[in-house]
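Because only heavy atoms are used, hydrogens play no part in the values below, and waters and symmetry mates are left out as well, while side chains stay in.
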Protein chains: 2
Amino acid sequence: MSSQPLRSQTVKVKDVARAAGVAVGTVSRVLNGHPTVTPGLRERVEKAMAHLGYEVDVTAQSMRAGRSRLVACAIRDFDIPRFALFIKEAEAVLREAGYTLLLASTTNRPDVEIALLGAFRRRRVDGVMMTLSDEQHRDVREALSEAPMPVLLIDRDSIAALDRVMADHREGARLATSHLIGLGHRRIAMLVGDIKAFPSRSRLDGFREAYSAAGIAPDPKLLRDNVLSSEDAYRATASLMSLANPPTALFVAAMDMLGGCLRALRTMGIAVGDGISVVAGSDSDLAELHTPPITAIAWDLAAMGRHAATMLLERMRGDEIERGRGLTVPTELIIRGSSRPLVN
Amino acid sequence: MSSQPLRSQTVKVKDVARAAGVAVGTVSRVLNGHPTVTPGLRERVEKAMAHLGYEVDVTAQSMRAGRSRLVACAIRDFDIPRFALFIKEAEAVLREAGYTLLLASTTNRPDVEIALLGAFRRRRVDGVMMTLSDEQHRDVREALSEAPMPVLLIDRDSIAALDRVMADHREGARLATSHLIGLGHRRIAMLVGDIKAFPSRSRLDGFREAYSAAGIAPDPKLLRDNVLSSEDAYRATASLMSLANPPTALFVAAMDMLGGCLRALRTMGIAVGDGISVVAGSDSDLAELHTPPITAIAWDLAAMGRHAATMLLERMRGDEIERGRGLTVPTELIIRGSSRPLVN
DNA sequence: TAGAGTCAATGAACCGGTTCATTAATAGCT
DNA sequence: AGCTATTAATGAACCGGTTCATTGACTCTA
């Protein structure tokens with residue numbers, strides 16, 4: 001105890017071994033909690049490590065082991081409030097299990113998705129969770145099938161060989177649409193995102209299912225897809241409300257697009273509830289606290305994040321599990337004041 | 001071109017070298033774009049790499065180089081909508097420069113912050129950007145000063161030796177408070193987060209500055225600190241409005257706490273604007289689209305993210321720059337309908 | 001007491017790149 | 001032609017851990 005702990009920068013297992021009077025193999029075994037180490041020796045090694053301020057070099061461990069204890073998460077845009085919750089919960093579960101989360105944005109482009117998968121395998125990432133811009137894209141599917149590490153899809157379903165965590169958007173959309181039809185609405189406009197991806201596709205399915213269950217048909221002119229930004233939602237709403245025969249209800253099914261829609265209605269002087277009924281495809285403070293409060297579809301993104309991380313951990317552990325498990329989180333409709341009976 | 005590209009899994013520089021009829025050193029130099037390679041050889045090596053499906057092992061590169069091309073971002077809670085924007089922009093700048101972002105949540109706890117710094121250095125992370133729960137915490141400061149990689153503080157200012165990117169919360173709060181005082185308000189309640197951290201501390205400074213500039217003193221009973229969750233905001237608002245002599249204006253200065261506050265006001269049947277003036281410390285869809293719209297302080301978090309990444313890149317590049325640069329992003333007050341003249 | 005069996009400890013080899021001292025080839029100059 | 005200067009290419013050594021065949025000490029049994 002005479003000297004200061006040395007600069008940990010340059011302390012290696014070899015130095016610890018020398019200080020403790022053991023072989024490097026023994027230090028390594030102490031480091032990894034291997035059981036075949038005599039308690040006395042273990043203590044001596046641990047003392048030496050503490051005294052020298054030893055810190056293991058994870059890059060060296062990774063290179064030797066061929067794995068990195070890194071899990072990558074690539075989503076189309078993490079500037080989506082609800083997605084942050086997903087990531088937060090997934091990160092907590094992964095860190096608890098000794099993994100570190102690596103984050104990247106795909107900007108919803110197939111070429112970026114492919115490039116990122118390449119970057120992840122070069123980094124010897126142990127697992128990936130990601131969204132896909134287009135589930136049918138050939139090159140992306142090829143890149144996925146060639147990936148040496150397990151990949152879990154976030155809110156995507158069309159690759160049966162992979163694990164998937166989804167929300168039941170179809171049921172949510174069906175509930176929302178039935179609710180509006182039940183209130184007498186027949187001309188319901190729908191704003192969705194990219195139909196090539198699962199969430200918008202299944203929302204559209206649910207929408208149509210509700211219509212056919214009621215024995216009526218939706219007006220295709222009232223459908224707006226590819227609504228991916230606030231500005232898109234603003235424009236779509238404005239154009240819909242400018243139609244000669246405008247909709248009586250607006251189902252803003254794309255995630256986080258309510259703001260743009262409400263902005264347009266306000267600009268045009270259309271009152272939510274009275275002038276038009278509105279249902280949001282995802283819940284938010286805005287939906288809850290708007291006047292009137294907005295009826296919305298809700299699901300547990302925190303649970304989705306936890307499930308995603310847990311499933312991926314099981315897969316990385318190499319547990320004997322069937323290939324391609326799909327887990328669907330339920331959706332519910334929270335009825336508020338923005339959806340009202342149709343008055344002639 | 002007779003055979004299929006081989007499994008890249010096991011192709012190493014050695015294999016590429018053999019196939020191209022060159023030494024491993026040459027392959028390495030081609031890989032890294034080193035200039036001293038004859039064009040003909042370079043092409044042969046590149047052909048061999050493509051044919052064999054060669055992929056570098058980044059963990060091996062990291063171990064040899066002692067750096068990882070990884071930048072860590074640790075913030076208290078990334079389930080804060082505006083923060084997602086910061087991360088998104090920072091990630092884009094970093095990826096452009098060849099770095100990958102590593103994400104972790106500190107849950108605003110010093111022990112987690114210290115543990116994460118340890119994990120980052122063991123991973124040979126090249127740079128860190130992070131928030132701090134308590135800028136004066138001794139152990140955290142020690143861990144920071146011992147960090148071998150550059151660290152940039154996000155919205156923190158008290159460690160002059162480190163690079164920092166901040167928002168001008170003091171000025172924002174001063175503007176907001178002056179605005180309310182100008183409208184005749186004297187009993188302004190303030191909800192802030194943790195005073196140990198820069199944002200809340202400087203907001204409080206700005207608040208007091210506005211009061212003293214007006215030659216009056218705030219009522220200390222109307223200050224609520226440690227408002228860190230929606231529930232905290234709800235309770236703080238409810239308790240303030242239940243006072244015998246309640247405030248006439250509410251300055252919800254903590255980030256993203258407007259929802260909890262509005263929920264409490266709605267529950268108590270107090271009308272925003274008429275019953276009480278409200279100013280939000282951060283802008284949002286909710287603030288903009290509420291009825292009435294909420295006066296709010298805004299700043300450019302995307303720019304903060306870009307600046308943070310850029311400054312960190314400069315530091316990692318080892319540019320000759322002064323130690324501890326601080327960059328402050330301006331704040332502005334967006335006046336909307338929720339802040340009204342005091343009527344007696 | 002000799003021999004077999006058990007098990008902790010050892011340390012060289014290995015993971016897959018990069019680096020750099022050395023070698024070889026070429027160009028330039030007188 | 002002969003010598004030097006310049007530059008490309010080589011490949012062994014190295015980065016810092018982990019692994020595993022081997023060693024050696026000790027226990028147990030006959």
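C:dG16 atom P lies 10 Å from atom OH of B:Y54, rounded to whole Å. We find that CG of B:L31 is positioned 9 Å from C1' of C:dG17, with the value rounded to whole Å. Regarding A:H34, its NE2 atom lies at a distance of 8 Å from the P atom of D:dT19, rounded to whole Å. Summarising the geometry, the separation between CZ on A:R122 and P on C:dG16 is reported as 17 Å, rounded to the nearest angstrom. If you measure from atom CZ of A:R67 to atom C1' of C:dG16, you get 16 Å, rounded to the nearest angstrom. Per the geometry, CZ belonging to A:R44 stands 8 Å off P belonging to C:dT10, to the nearest Å. Atoms NZ (B:K14) and P (D:dG11) sit 13 Å apart, rounded to a whole Å. For the pair A:R18 CZ and D:dG17 P, the interatomic distance rounds to 13 Å; values are reported in whole Å.
Side chain to side chain, A:S62 and A:R124 fail the donor-acceptor criterion of an N or O pair below 3.5 Å. Of the N and O atoms on the side chains of B:T36 and B:R29, at least one donor lies less than 3.5 Å from an acceptor on the other residue. In this structure, a donor-acceptor pair under 3.5 Å is present between the side chains of A:R141 and A:Q136.
Looking only at side-chain heavy atoms (C-beta outward), A:D155 and A:T131 stay at 4.5 Å or farther from each other.
A residue-by-residue look at B:D57 and B:R29 shows that B:D57 has its nearest nucleotide of DNA chain C further toward the 5' end. Heavy-atom nearest nucleotides on DNA chain D were determined for B:L41 and for A:T26, and the one closer to the 5' end corresponds to B:L41. Both A:M63 and B:T38 sit near DNA chain D, but only B:T38 has its closest nucleotide nearer the 5' end.
The side chain of A:R64 sits closest to C:dC15 out of C:dG17, C:dA12, C:dC15. Comparing D:dG11, D:dT18, D:dG16 by their nearest atom to the side chain of A:K12 picks out D:dG16.
Contact annotation: B:Q61 side-chain N/O to C:dG16 OP1/OP2 distance is not under 4.0 Å.
If you check every strand for non-hydrogen atoms under 4.0 Å, A:V27 touches nothing. Nucleic acid contact class of A:V37 (heavy atoms, under 4.0 Å, all strands): sugar-phosphate only. Counting any heavy atom pair closer than 4.0 Å across all strands shown, B:V22 reaches sugar-phosphate atoms only and no base atom.
Shortest non-hydrogen contact noted between B:R44 and B:G21 is NH2-O, 3.5 Å.
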